[in-house]
Amino acid sequence: DEVNMVYSMYDRMIVGGVMPKAETLRLEAIDPLKATYFTTRREIGVFNVGEGEGVVKVGEESFTLGFKEALYIGSGDRDVLFESKDPQHPAKFYFNSTCAHTSYPCRKVTKQDAICAHMGSLEMSNERNINKMLVNQVLPTCQLQMGITELKPGSVWNTMPAHIHMRRMEAYFYYKVPEGQKILHIMGEPQETRPIWMNNEQAVISPQWSVHCAAGTSNYTFIWGMAGENLVYTDMQLAPIPTLE
């Protein structure tokens, strides 16, 4: 029954979580936005990462989200409300929000709507499906791009080879990390990387100049969200594995 968020100066992205149980929660316009509504000048991507179904109400519209289903919310002056259908099995909403220059329609997106890219191999410990869900090939957005990467059993590495994209920042939210396991997230400049140990349902922000890759002590799932100058998914500068330090 709380809304929690972090306002980043990197492309002004907001990373947050909402877990309604007994209450309906309103997404308030925090002070840095200087706006009447959270969505006055912002777009939002919402994913349900909980086992229970949830409902997101955007003005007069209402959307039911099941596990791993997403909702794009365009900018505009209206309330955004979150609730769970069953308080005993609450929904858990993870969201990214970025500045928006125009208003696009709200739309629910499922994995069946996604563009799925199968990458890696079990031999390289990085076999995974990248589900591009809130991306411009699926629906129009201003700058927000989001999706789900699912690692196959026996695979632990994501985003290999590592890369940076100087025209975009990125946030990773790790979940479905088994009890007692952790993720070793790596970021920093390619020749001066730094590790961060991540727990289940934690997020990390990677600036434009930082690589982002990780290995887990088990397979896991994560949501990636990007914001910046362009919407081209492949716009990146690779950091070949032998060059990493």
Side-chain angles (χ1 to χ4, degrees), residues 1-20 24-50 54 56-59 61 63 65 69-83 91-109 133-136 139-149 165 167-175 185 187 196 198-199 201-210 212 222-231:
D1 287 329
E2 288 186 354
V3 179
N4 290 289
M5 67 186 81
V6 171
Y7 183 101
S8 169
M9 296 306 292
Y10 291 108
D11 287 300
R12 306 282 175 169
M13 180 184 276
I14 294 176
V15 176
V18 185
M19 187 177 171
T24 296
L25 301 178
R26 180 177 182 264
L27 191 59
E28 303 283 353
I30 59 176
D31 183 67
L33 304 188
K34 305 298 182 186
T36 304
Y37 297 91
F38 189 98
T39 54
T40 294
R41 294 183 298 272
R42 282 188 163 267
E43 59 185 352
I44 310 172
V46 181
F47 284 73
N48 184 2
V49 300
V56 183
K57 296 178 180 178
V58 186
E61 297 182 277
F63 304 89
L65 297 186
E69 293 185 334
L71 174 65
Y72 172 79
I73 302 174
S75 64
D77 286 344
R78 67 267 207 244
D79 281 323
V80 178
L81 304 173
F82 298 88
E83 59 187 45
K92 293 181 179 180
F93 298 106
Y94 169 73
F95 71 89
N96 289 169
S97 175
T98 55
C99 299
H101 61 270
T102 191
S103 180
Y104 289 117
C106 299
R107 179 179 162 186
K108 175 180 173 177
V109 176
M133 296 177 68
L134 305 185
V135 298
N136 61 321
L139 79 172
T141 70
C142 294
Q143 61 169 313
L144 184 64
Q145 305 279 279
M146 296 182 74
I148 300 174
T149 296
H165 19 76
R167 299 172 70 196
R168 287 179 295 176
M169 58 79 68
E170 190 160 6
Y172 277 17
F173 173 78
Y174 292 101
Y175 69 114
H185 182 88
M187 61 184 299
I196 302 177
M198 306 286 296
N199 294 310
E201 297 183 354
Q202 287 187 330
V204 60
I205 292 173
S206 283
Q208 295 89 333
W209 47 265
S210 175
H212 34 280
F222 69 94
I223 295 172
W224 43 268
M226 295 184 284
E229 287 287 344
N230 72 346
L231 302 176

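Here the closest non-hydrogen pair linking D11 and Q208 is OD2-NE2, 2.9 Å. Pairing each heavy atom of R12 with each of C99, the nearest pair is CB-SG, 3.8 Å. The shortest non-hydrogen separation linking N96 to G225 is OD1-CA, 3.4 Å. Shown here for L231 and C142, the closest heavy-atom pair between the two residues is CD2-O, 3.8 Å. Between C106 and F63, the shortest heavy-atom distance links the atoms CB-CZ, 3.7 Å. The shortest heavy-atom contact between I148 and W224 is N-NE1, 3.8 Å.
Annotation: the span from D79 atom CG to R26 atom CZ amounts to 4.0 Å, rounded to 0.5 Å. The CG atom of L134 sits 4.5 Å away from atom CZ of F47, with the distance rounded to the nearest 0.5 Å. Atoms NE2 and CG, from H165 and N230 in turn, are 9.5 Å apart once rounded to the nearest 0.5 Å. One finds the NE2 atom of H185 at 7.0 Å from the OH atom of Y172 (value rounded to the nearest 0.5 Å). Between the CD1 atom in I30 and the CZ atom in F38 there is a gap of 6.0 Å [rounded to 0.5 Å]. A distance of 6.5 Å separates CD1 of I14 from CZ of F95, quoted to the nearest 0.5 Å.
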Intermediate values then yes/no, side-chain contact (heavy atoms from CB on, under 4.5 Å), V49 and F173: CA-CA 10 Å; V49 300; F173 173 78; 3.9 Å; yes

Verdict with reasoning, M5 to L27, per side-chain contact (heavy atoms from CB on, under 4.5 Å): CA-CA 10 Å; M5 67 186 81; L27 191 59; 3.9 Å; yes

Verdict with reasoning, T36 to D77, per side-chain contact (heavy atoms from CB on, under 4.5 Å): CA-CA 8 Å; T36 304; D77 286 344; 5.5 Å; no

side-chain contact (heavy atoms from CB on, under 4.5 Å) assessment of V80 paired with V46: CA-CA 11 Å; V80 178; V46 181; over 6 Å; no

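Side-chain contact between I223 and Y94 is present, with heavy atoms from C-beta onward closer than 4.5 Å. Residues T40 and L33 have side chains not in contact (no heavy-atom distance under 4.5 Å, counting atoms from C-beta outward). Residues E2 and M19 fail the side-chain proximity criterion, which asks for heavy atoms closer than 4.5 Å. Looking at M187 and P207, their side chains come closer than 4.5 Å, going by heavy atoms from C-beta outward. Using a 4.5 Å heavy-atom cutoff, the side chains of L25 and F93 are not in contact. The side-chain heavy atoms of E61 and I73, taken from C-beta on, include no pair separated by under 4.5 Å.
Scored by the side-chain hydrogen bond (donor to acceptor under 3.5 Å, both in side chains) test, Y175 finds no partners at all (sequence neighbours excluded). By the side-chain hydrogen bond (donor to acceptor under 3.5 Å, both in side chains) test, Q143 pairs with no residue at all, sequence neighbours left out.
For residues 33-49, the pairs satisfying salt bridge (Lys or Arg N to Asp or Glu O under 4.0 Å) are D31-K34, with sequence neighbours left out.
Counting heavy-atom neighbours within 6.0 Å of E229 CD, excluding the residue itself, gives a total of 12 or less. Residue-environment remark: NZ (K108) exceeds the threshold of 12 foreign heavy atoms within 6.0 Å.
Y174 and F222 have tilted rings, their planes meeting at an angle from 30° to 60° on a 0 to 90° scale.
For the pair T141 (side chain) and N136 (backbone), a donor-acceptor distance under 3.5 Å is absent. The backbone N or O of M13 lies less than 3.5 Å from no partner atom in the side chain of T98, so there is not a single donor-acceptor pair.
Electrostatic pairing of K92 and E201 counts as a salt bridge here, judged by a charged N lying under 4.0 Å from a carboxylate O.
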